[in-house]
Amino acid sequence: MAGRGQLLLADMATVVLATGYGGPEMLTVKEEPAPAPGPGEVKIAVRAAGVNPVDYKSYSGRFNSDPAALPIRLGSEAAGTVTHVGDDAGMIGVGDDVIAYRITGGYATELVAPVSALVPKPESLGWPEAAGLMLTGVTAWHCLAATGVHAGDTVLINGGAGGVGLMATQLATDRGATVIATASPGRHELLRELGARPVTYGPGLAARVTAAAPDGVTAALDLIGTDEAVDVSLELVADRARIATIAAFSRAGQAGIKALGGGPGAEPGTEIRTAARPELARLAAHGRLRVIVAATFPLIEAADAHRAIMTGHTSGKIALIP
Ligand SMILES: NC(=O)c1ccc[n+]([C@@H]2O[C@H](COP(=O)([O-])OP(=O)(O)OC[C@H]3O[C@@H](n4cnc5c(N)ncnc54)[C@H](OP(=O)(O)O)[C@@H]3O)[C@@H](O)[C@H]2O)c1
């Protein structure tokens, strides 16, 4: 056992940290000793880490600017191979390919994660796809559950071409709902391929949605946070309990719509999101849910990955490859 401990202590990991509050220039690549897994934990050789808007927001200063919280470890989802197991790791063994979510510090070559955060990686998924399945997937799942989307519904998905939007579009069509998804024209073909009726966002949106859904819209998701998305949803959906936002938290209370996730006054949906993980893996394994990867970047170029996602116009997931 001493040999095992010494081996782990000698391991070094490359990690990406935010060392200050601000833009992507605050990201630093560092070599540090890789920690050993404790009880109920495993160590994973990361093959890909998912990038999400919350990652750059976490060090932007928007939520927090407390110097005591620095440096900030980034990355709440990753996929990789288990290399070491701690005590009480259950059925997980060395060599298992896993998806880890929700974790801290996924932007790394080595990661220690609790077994409770792991789901077996479907063999059919590539590493970038596996790393990008969960955060957007559980968010989309929560949105559909909170608004009760079912077969026969017509759902307006504002921001249909984003990471969450592409998941929500597929999950809603898989349930038998008709999806009207907003996106810029360059994304329409992809949305059609996924079974949605695409409409271009911008002035006149309500009329375009009505033309695409002449029998009316029964539920709406705001996955982008613009006033336009909230206003059009309020105009077209009669039952406000069937409108949810994951971004327009300041408007949700007054508008009487559901705010979901980690924002102020929002419903975290922890149980729904946790239960969704194996379901998402199953749907992906059966080819009923695709993870659309917009781009991959080397781990050490995480700052460029953040510059890309900060444009707000990437279509699908960005992954970092160690
Ligand atoms: N509350 C939660 O639990 C939770 C969880 C995940 C994400 N979020 C938040 O939800 C938002 C979306 O996340 P994401 O990962 O999907 O982001 P993302 O992948 O970066 O979204 C980019 C997409 O937004 C679309 N878009 C940009 N402006 C738009 C507009 N005015 N109307 C409609 N679509 C527009 C773009 O489409 P075009 O390229 O066609 O313009 C692009 O495809 C972020 O603010 C994120 O922080 C919240």
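This chain uses plain numbering: 1 for the first residue, then up along the sequence. Each ligand, and each atom within it, is numbered from 1 in the order the structure gives.
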Ligand-residue contact atoms, ligand 1 with [X], heavy atoms, under 4.0 Å:
X: Gly159; value: 33 (C), 34 (N)
X: Gly312; value: 22 (C), 23 (C), 24 (O), 25 (C), 26 (N), 27 (C), 36 (C), 42 (C)
X: Leu260; value: 1 (N), 2 (C), 3 (O)
X: Gly162; value: 16 (O), 19 (O), 21 (O), 22 (C), 23 (C), 43 (O)
X: Lys57; value: 44 (C), 45 (O), 46 (C), 47 (O)
X: Gly261; value: 1 (N), 2 (C), 3 (O)
X: Leu223; value: 10 (O), 11 (C), 12 (C)
X: Ala161; value: 43 (O)

Heavy-atom contact under 4.0 Å between [X] and ligand 1?
X: Leu166; answer: no
X: Phe249; answer: yes
X: Asn158; answer: no
X: Gly263; answer: no

Can you report which non-hydrogen protein atom sits closest to [atom], along with the distance?
atom: atom 42 (C) of ligand 1; answer: Thr314 O, 3.2 Å
atom: atom 8 (N) of ligand 1; answer: Ile246 CD1, 3.6 Å
atom: atom 24 (O) of ligand 1; answer: Ile224 CD1, 3.3 Å
atom: atom 33 (C) of ligand 1; answer: Tyr201 CD2, 3.1 Å
atom: atom 15 (O) of ligand 1; answer: Pro53 CD, 3.4 Å

Looking only at distance, does [X] have an N or O less than 3.5 Å from an N or O of ligand 1?
X: Arg273; value: yes
X: Thr182; value: no
X: Gly163; value: yes
X: Ser315; value: no
X: Leu135; value: no
X: His313; value: yes
X: Val54; value: no
X: Ser184; value: yes
X: Arg187; value: yes

Checklist entry - Roughly how far, to the nearest 0.5 Å, is the CD atom of Glu189 from the CZ atom of Arg187? => result 13.0 Å
Checklist entry - Say you draw a straight line from CD of Glu235 to OG1 of Thr210; how long is it, rounded to the nearest 0.5 Å? => result 7.0 Å
Would you mind telling me which of [options] makes a side-chain contact (heavy atoms from CB on, under 4.5 Å) with [X]?
X: Leu166; options: Leu171, Leu194, Thr136; value: Leu194
X: Leu223; options: Ile157, Thr139, Asn158; value: Ile157
X: Thr154; options: Ile180, Val179, Asp215; value: Ile180

Checklist entry - Are the ring centres of His306 and Tyr107 closer than 6.0 Å? => result yes
Checklist entry - Any donor and acceptor pair, going by atom type alone, linking the side chain of Glu41 with main-chain N or O of Gly38 inside 3.5 Å? => result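 Yes, the answer is positive, given that a donor and an acceptor are paired below the 3.5 Å cut-off.
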Checklist entry - Quick one: does Glu129's side chain have a donor or acceptor within less than 3.5 Å of a partner on Ile292's backbone? => result no
Checklist entry - Are there more than 12 heavy atoms of other residues, nucleotides or ligands under 6.0 Å from atom CD of Glu271? => result no
Item to check | Glu25 atom CD, over 12 foreign heavy atoms within 6.0 Å | outcome: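 Atom CD in Glu25 is packed in, count exceeds 12.
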Could you go through residues 95-102 and list every donor-acceptor pair under 3.5 Å that involves a side-chain atom there, pairing it with any protein atom two or more places apart or in another chain?
| residue | atom | partner | partner atom | Å |
| --- | --- | --- | --- | --- |
| Asp96 | OD2 | Gly93 | N | 2.8 |
| Asp97 | OD1 | Thr81 | OG1 | 2.8 |

Item to check | Stepwise side chain to side chain contact (heavy atoms under 4.5 Å, CB included) check, Val291 with Met167 | outcome: CA-CA 8 Å; Val291 181; Met167 288 289 175; 3.8 Å; yes
Item to check | Steps toward side chain to side chain contact (heavy atoms under 4.5 Å, CB included) verdict (Thr200, Ser184) | outcome: CA-CA 5 Å; Thr200 303; Ser184 57; 5.7 Å; no
Checklist entry - Relative to atom 16 (O) of ligand 1, which among Val164, Val232, Leu191, Thr226 owns the nearest non-hydrogen atom? => result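 That would be Val164.
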Checklist entry - Under the ring pair (Phe, Tyr, Trp, His ring centres under 6.0 Å) rule, what pairs show up with a residue in residues 111-170, not counting sequence neighbours? => result none
Next on the checklist: Checking side-chain polar atoms at under 3.5 Å, does Thr178 have a donor or acceptor matched by the opposite partner on Asp153?
Outcome noted: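 Looking only at side-chain atoms, Asp153 and Thr178 do not form any donor-acceptor pair under 3.5 Å.
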Next on the checklist: Test side chain to side chain contact (heavy atoms under 4.5 Å, CB included) on Leu221 and Thr147; report intermediate values, then the result.
Outcome noted: CA-CA 8 Å; Leu221 309 180; Thr147 53; 3.8 Å; yes
